[in-house]
Amino acid sequence: MINCAIAGLGRWGRALVEAAQGEPRLRITSAVEPDVSGAADFCATHDLSLAASLDDVLADPGIDAVLLATPHSLHKGQVIAAAGADKQVFCEKPLALRRGDAAEMFAACRRAGVTLAVGHNRRFWPSMQALRAIVASGELGTILHVEGHNSNENSQAITQGWRLSPEESPGGGLTGAGLHVLDGFVSLLGPARQVYARLSERAAGPPPLDTATLAIEFVNGVSATLATIRATPFYWRVHVFGTKGSAEVLDEGTMVLRTSGEAPATTRYPAVNTLAAELAAFADAVERKQPFPVPEADVLATLAAFEAALQSMQSGHPVACHTAYQ
């Protein structure tokens, strides 16, 4: 049994607690949450003790791992402290805004011999797994271009807090939704070489009205475009174009394959609980059964492209991505 504590009981932290109930190897026993009164009922329902601080959790020999569902500005200190206390770490995305900070976290965990798993849960979508397989198989021929979009209207319900902060959530919808697509691109294509990004802001809000668009050149020569909008209903699309065909993922369970001379073929996959799946993968990594399926190199490559996108939005010019991981 892997005894865990969770830091952060916002919407996503609570979803992780509930998902963990389906993984028999994980048991979340305590929580760290500054809004004690707001978390009291949830903790009582899920039999969680409220710890006074993360330091108290890290000093507890009965805790084997920590799950971090906190703002990214806290991640570096929290991850390094957890590694120093020999605790396994699962951290929600974004791990950081800068590749260098993420590299320091991975290095600290590597020195301590503990796992650092980053929660890019859409890696576990059956449709995205199928897309990676078809790209790797060569069935689409030479990959030329990829298009992606992820929007949701979560910001319509948010009137305050860190998700509306330019420091905590920069780049419009890129930090929250668009980063999922960027990670999807990296999982398919590897690291990016250059990003040209633009943030178009209509109104600061709340709710904010803005669009983020990216033009990306990957190291392997593939081009890509990405867009994300915070104030429109949920929409997901990752479309890979090759010389022999194209494959388009439209949601968690739908992929459309197009080949010359054939009608589009739609495949639908059964739904899965992606949060439960990533927590099961975390348990596998902690037990040394297999590495967590979001490797360090991919996390760093995604954040290098993300960091370049934010710099490009500020400068108005294309920005080269950090290449030390290549």
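Nothing fancy with the numbering, it's 1 onward along the sequence. Atoms considered below: every heavy atom in the structure, side chains included; atoms not considered: hydrogens, waters and symmetry mates.
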Student check: side-chain heavy atoms of Arg14 and His46 closer than 4.5 Å = no
task = Verify the neighbour count for atom CZ of Arg25: are there more than 12 heavy atoms of other residues, nucleotides or ligands below 6.0 Å?
result = yes
inquiry  = Return the SG to NE2 distance between Cys91 and His72, rounded to the nearest 0.5 Å.
reply    = 11.0 Å
task = Please check if atom CD in Glu287 has more than 12 non-hydrogen atoms from other residues, nucleotides or ligands closer than 6.0 Å.
result = yes
task = Assess whether side-chain contact (heavy atoms from CB on, under 4.5 Å) is satisfied between Phe185 and Phe218, documenting all intermediate values.
result = CA-CA 9 Å; Phe185 284 0; Phe218 284 85; 3.7 Å; yes
note = Nearest heavy-atom approach of Ala102 to Ala96 is N-CB, 4.1 Å
inquiry  = So that I can tick it off, tell me whether Arg237 and Glu248 are bridged by a salt bridge, with the cut-off set at under 4.0 angstrom between side-chain N and carboxylate O.
reply    = yes
message = Check whether Asn152 reaches the backbone of Ala177 with its side chain - one donor and one acceptor, N or O, closer than 3.5 Å.
response = no
ask   = Does a side-chain heavy-atom distance below 4.5 Å link Arg123 with Pro293?
value = no
ask   = Is any side-chain heavy atom of Thr211 closer than 4.5 Å to a side-chain heavy atom of Ser200?
value = yes
request  = Please check if Leu182 and Tyr235 belong to a single hydrophobic cluster, counting links between Ile, Leu, Val, Met, Phe, Trp and Tyr side chain heavy atoms closer than 4.5 Å.
outcome  = no
ask   = Going from CE on Met128 to OG on Ser187, what distance comes out if it is rounded to the nearest 0.5 angstrom?
value = 5.0 Å
request  = Mark yes or no for whether Ser312, through its side chain, and His317, through its backbone, hold a donor-acceptor pair below 3.5 Å.
outcome  = yes
key: Electrostatic pair Glu217:Arg193 at N-O distance under 4.0 angstrom   = yes
ask   = How about Tyr196: does its OH atom have over 12 heavy atoms from other parts shown lying under 6.0 Å from it?
value = no
ask   = Out of curiosity, Ile6 CD1 to Thr29 OG1, how far, rounded to the nearest 0.5 Å?
value = 11.5 Å
Expected output: side-chain Asp64 to main-chain Asn3 donor-acceptor under 3.5 Å = yes
query = In terms of hydrophobic clusters joined by side-chain contacts under 4.5 Å, are Leu250 and Val146 together?
reply = no
remark   = Nearest heavy-atom contact between Ala285 and Phe292 is CB-N, 3.8 Å
ask   = Can Leu257 be reached from Val135 by stepping across I, L, V, M, F, W or Y side chains whose heavy atoms are under 4.5 Å apart?
value = yes
query = Are Ile229 and Leu214 connected in a single hydrophobic cluster, I mean Ile/Leu/Val/Met/Phe/Trp/Tyr linked by side-chain heavy atoms less than 4.5 Å apart?
reply = no
request  = Report yes if some heavy atom in the side chain of His239 is under 4.5 Å from a heavy atom in the side chain of Arg258; otherwise report no.
outcome  = yes
ask   = Tell me, do Val181 and His149 make a side-chain contact under 4.5 Å, heavy atoms counted?
value = no
ask   = Nearest heavy-atom pair of Ser127 and Gly253: which atoms, and what distance?
value = OG-N, 4.0 Å
query = Could you give the distance from CD (Gln21) to CG (Leu26), rounded to the nearest 0.5 Å?
reply = 11.5 Å
key: Between Glu252 and Thr274: side-chain donor-acceptor atoms closer than 3.5 Å   = no
task = Determine the minimum heavy-atom distance between Ala103 and Leu300, stating which atoms define it.
result = N-CD2, 3.7 Å
message = So does Ala117 get a backbone contact from the side chain of Thr115, meaning a donor-acceptor N/O pair under 3.5 Å?
response = no
ask   = Short question: side chain of Thr225, backbone of Glu147 - any donor-acceptor pair under 3.5 Å?
value = no
query = With distance as the sole test, does Thr243 use its side chain to make a donor-acceptor pair with the main-chain N or O of Thr142 at under 3.5 Å?
reply = yes
request  = Kindly indicate whether the side chain of Met105, heavy atoms from C-beta on, has any atom under 4.5 Å from the side chain of Val89.
outcome  = no
message = Take a 6.0 Å sphere around CZ of Arg288 and say whether it holds more than 12 heavy atoms from other residues, nucleotides or ligands.
response = yes
query = Would the number of heavy atoms belonging to other residues, nucleotides or ligands and lying under 6.0 Å from CG of Asp35 be above 12?
reply = yes
task = Hey, could you give me the CG/OG1 distance between Leu54 and Thr70, rounded to the nearest 0.5 Å?
result = 8.5 Å
note = When every non-hydrogen atom of Leu226 is compared with those of Gly178, the smallest separation belongs to CD1-O, 3.8 Å
query = Where do Trp12 and Asn121 land on the side-chain contact (heavy atoms from CB on, under 4.5 Å) test, with the steps shown first?
reply = CA-CA 12 Å; Trp12 207 250; Asn121 66 300; 4.1 Å; yes
ask   = Would you say the side-chain atoms of Glu33 pair up with the backbone N or O of Ala39, donor to acceptor, closer than 3.5 Å?
value = no
query = Given Glu307 and Leu97, is the side-chain contact (heavy atoms from CB on, under 4.5 Å) satisfied, shown in steps?
reply = CA-CA 6 Å; Glu307 185 175 4; Leu97 296 189; over 6 Å; no
key: Distance (rounded to the nearest 0.5 Å) between Asp60 CG and Lys87 NZ   = 6.0 Å
key: Minimum-distance pair of heavy atoms, taken over all atoms of Ala108 and Ile80   = CB-CG1, 4.0 Å
key: Polar side-chain atom of Thr175 near backbone of Pro170 as donor-acceptor pair, under 3.5 Å   = yes
Residue from Val36, Leu48, Val17 passing side-chain contact (heavy atoms from CB on, under 4.5 Å) with Cys43 = Leu48
key: Pairwise side-chain contact, Val299 with Val186, heavy-atom cut-off 4.5 Å (strictly under)   = no
task = Taking Thr302 for its side chain and Asp298 for its backbone only, find out whether a donor-acceptor pair lies under 3.5 Å.
result = yes
ask   = Is there a path of hydrophobic side-chain contacts, each under 4.5 Å between heavy atoms of I, L, V, M, F, W or Y residues, that connects Met255 with Phe241?
value = no
query = With a 4.5 Å heavy-atom cut-off, do His180 and Lys93 have their side chains touching?
reply = yes
message = Under the criterion side-chain contact (heavy atoms from CB on, under 4.5 Å), I'd like the reasoning laid out for Lys244 against Leu140: C-alpha separation, chi angles, the key distance, then a yes or no.
response = CA-CA 5 Å; Lys244 294 182 179 179; Leu140 300 180; 5.6 Å; no
